[in-house]
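Below is one structure, written out as structure tokens; the observations come after it.
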Amino acid sequence: MSDGEAFSAADYRWMAKAHQQAAEGLISTNPNPRVGCLLVKGERVVGSGHHIRAGGPHAEIHALNQAGSEAAGATAYVTLEPCSHHGKTPPCCEALIRAGVKRVVVALQDPNPAVAGKGIQRLRAAGIEVQSGLLADECEQMNPGFLSRMRKNRPYIRIKMAASLDGRTAMASGESQWITGPQSRNDVQQLRARSSAILTGAGTIVVDNPSLNVRGINGVVPPLRVVLDTKGRVPASSRLFTIKTPIVMVIAEGCEPPEAWLDHPQIRVISLRPGVGGVDLGQLMEKLAEMEVNELHVEAGATLCGALVREQLMDELVLYTAPVLMGSEARPLFQLPLASMSQKMRLQIVDLRKLGEDIRITARPLWEENLKMDGCC
């Protein structure tokens, strides 16, 4: 929400450019938010910057360093409220005050309890004019995971699936490579790259033996790899374990993890109470939030994906559809116990585009509408 004062056309223009700056950190800032900053005097940008990597300078500091003495009297356009606390770096609001910035325009107030309006209050206490709420939706779209973690204590959960036109993900034997074309597979790497963690099930590991790493993209903070294996059946010889980045193996209470897991330097084992999908998926998401997972990328089979939907833990579905038919014996997208049309799950398509011969559909569930229906959820 804005502070009740009108924004000018120039304000919109400069904030849009600040969001473009924020996008530069799409794959590198984890677990921090993606933030951009512009310092403007009249019609001239005197400094710009974005947050590059956790532990490094924030966007405001990069912009101030570029502006130097020109920052005095400038307007700062910042896509997320400047921090007011000492973390790995000093508070940005104090740097803006020391630089003599005259006005600060903020897209979105930071829901992080360590900030949560304190940065804006500190700037105003120093006599700086502050307005907020300009192009806030763009910040929401840029930082769905960070904001979900702060507001809901769980990651933003994005399920990626590849299917035929008749909605099948694998043959009855489990054979699934390759349904979609190279353009779609390359696009999936972009989704992995922006994610904090990748979640899959033991069945996917046993059948497909994936690495779950990011390929062909530089500058990525390697996502945490998370495998739901309630019975401890993933062998330590799996390709997953040859990539030297951390792995979380999730088992059900009462299950003894294989000794090969316990001896592996990259593996952390967590045990969760039973629930839909084998373990309590809500508890899993809380654990991942504790590990500072913002966006969770899910590449799994019908059982785990169906369980996430039934528990209302899907925020976004990215479906790559190939122009092929795989037949009625092939495996479905989701295991969902729906028996009538009144139980159908409604989604909103937010993006639709062609990738080579395939179509990528991005959709989000309309949970409020679904709750009004007599569905399984």
Side-chain angles (χ1 to χ4, degrees), residues 145 148-149 152-161 169-170 174 176 195-213 223-243 245-315 317 331-338 365 376-377:
S148 177
R149 181 161 63 88
K152 302 178 184 178
N153 193 34
R154 71 162 177 82
Y156 183 88
I157 302 166
R158 180 183 293 112
I159 296 178
K160 166 262 167 184
M161 305 191 92
T169 63
S176 63
S195 302
S196 305
I198 301 171
L199 171 67
T200 194
T204 299
I205 300 297
V206 170
V207 173
D208 294 337
N209 196 22
S211 300
L212 295 183
N213 61 334
L224 179 70
R225 293 168 299 157
V226 184
V227 180
L228 179 54
D229 186 2
T230 56
K231 298 179 181 178
R233 62 193 180 102
V234 170
S237 59
S238 299
R239 188 179 299 153
L240 181 80
F241 302 126
T242 64
I243 307 296
T245 58
I247 304 163
V248 173
M249 302 300 293
V250 183
I251 61 174
E253 289 179 351
C255 172
E256 290 295 327
E259 287 188 13
W261 288 9
L262 301 177
D263 294 337
H264 200 290
Q266 297 165 234
I267 295 177
R268 173 183 174 183
V269 179
I270 60 174
S271 177
L272 303 178
R273 56 181 175 261
V276 175
V279 298
D280 186 326
L281 294 173
Q283 185 185 17
L284 172 59
M285 298 311 157
E286 290 175 3
K287 290 287 186 182
L288 293 178
E290 290 174 8
M291 299 177 200
E292 297 187 308
V293 170
N294 290 337
E295 294 180 31
L296 178 64
H297 176 88
V298 181
E299 293 190 24
T303 300
L304 177 52
C305 290
L308 288 167
V309 172
R310 285 153 56 195
E311 293 294 292
Q312 296 183 32
L313 290 171
M314 178 180 74
D315 294 303
L317 170 65
R331 298 181 181 183
L333 285 163
F334 298 98
Q335 289 289 348
L336 285 173
L338 306 181
C376 69
C377 305

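For clarity, every value in this text was computed on a predicted model and none was experimentally measured.
- When all heavy atoms of Leu304 and Gly201 are compared, the pair lying nearest together is CD2-N, 4.0 Å.
- Between Ser271 and Glu253, the shortest heavy-atom contact is OG-CA, 3.3 Å.
- Summarising the geometry of Met291 relative to Val248, their closest heavy-atom pair is SD-CG2, 4.1 Å, with the distance given to 0.1 Å.
- Under the side chain to side chain contact (heavy atoms under 4.5 Å, CB included) criterion, Leu262 pairs with Pro257, Val269, sequence neighbours left out.
- Screening residues 268-294 for ring-ring contact (aromatic ring centres under 6.0 Å, His included) gives no qualifying pairs among residues at least two apart or on separate chains.
- The backbone N or O of Ser196 sits nowhere less than 3.5 Å from a side-chain atom of Asn294 that would complete a donor-acceptor pair.
- When side chains are defined from C-beta on, Ile198 does not count as touching Lys160, because their heavy atoms never get closer than 4.5 Å.
- Separation of atoms SG (Cys305) and CE (Met161) is listed at 4.0 Å; rounding is to 0.5 Å.
- In terms of modelled atom types and a separation under 3.5 Å, the side chain of Thr200 and the main chain of Glu299 share a donor-acceptor contact.
- Applying the ring-ring contact (aromatic ring centres under 6.0 Å, His included) test to pairs two or more places apart or on separate chains, none has a residue in residues 294-313.
- Annotation: side chain to side chain contact (heavy atoms under 4.5 Å, CB included) contacts of Lys231 (sequence neighbours excluded): none.
- A 4.5 Å side-chain heavy-atom check between Leu212 and Ile247 finds every atom pair outside the cut-off.
- Between Gly232 and Cys255, the closest heavy-atom pair is N-SG, 3.9 Å.
- Taken from CD1 in Ile157 to CG in Leu288, the straight-line distance is 8.5 Å, to the nearest 0.5 Å.
- Checked for salt-bridge contact, Lys287 and Asp280 miss the test: no charged N lies under 4.0 Å from a carboxylate O.
- The side chain to side chain contact (heavy atoms under 4.5 Å, CB included) check on Ala307 picks up Val276, Leu281, with sequence neighbours excluded.
- Remark: side-chain polar atoms of Arg154 are not paired, donor with acceptor, to backbone N or O of Leu313 under 3.5 angstrom.
- Every side chain to side chain contact (heavy atoms under 4.5 Å, CB included) that Ala202 has, sequence neighbours left out, goes to Asp229, Arg233, Val234.
- Counting heavy atoms from C-beta on, the side chains of Gln266 and Arg225 come closer than 4.5 Å.
- Listed for the Arg331 side chain is no donor-acceptor partner under 3.5 Å among the backbone atoms of Ala170.
- Closest heavy-atom contact between Ala197 and Val226: CB-CG2, 4.3 Å.
- In plain terms, the two heavy atoms of Gly278 and Ala252 that are nearest each other are O-CB, 4.1 Å.
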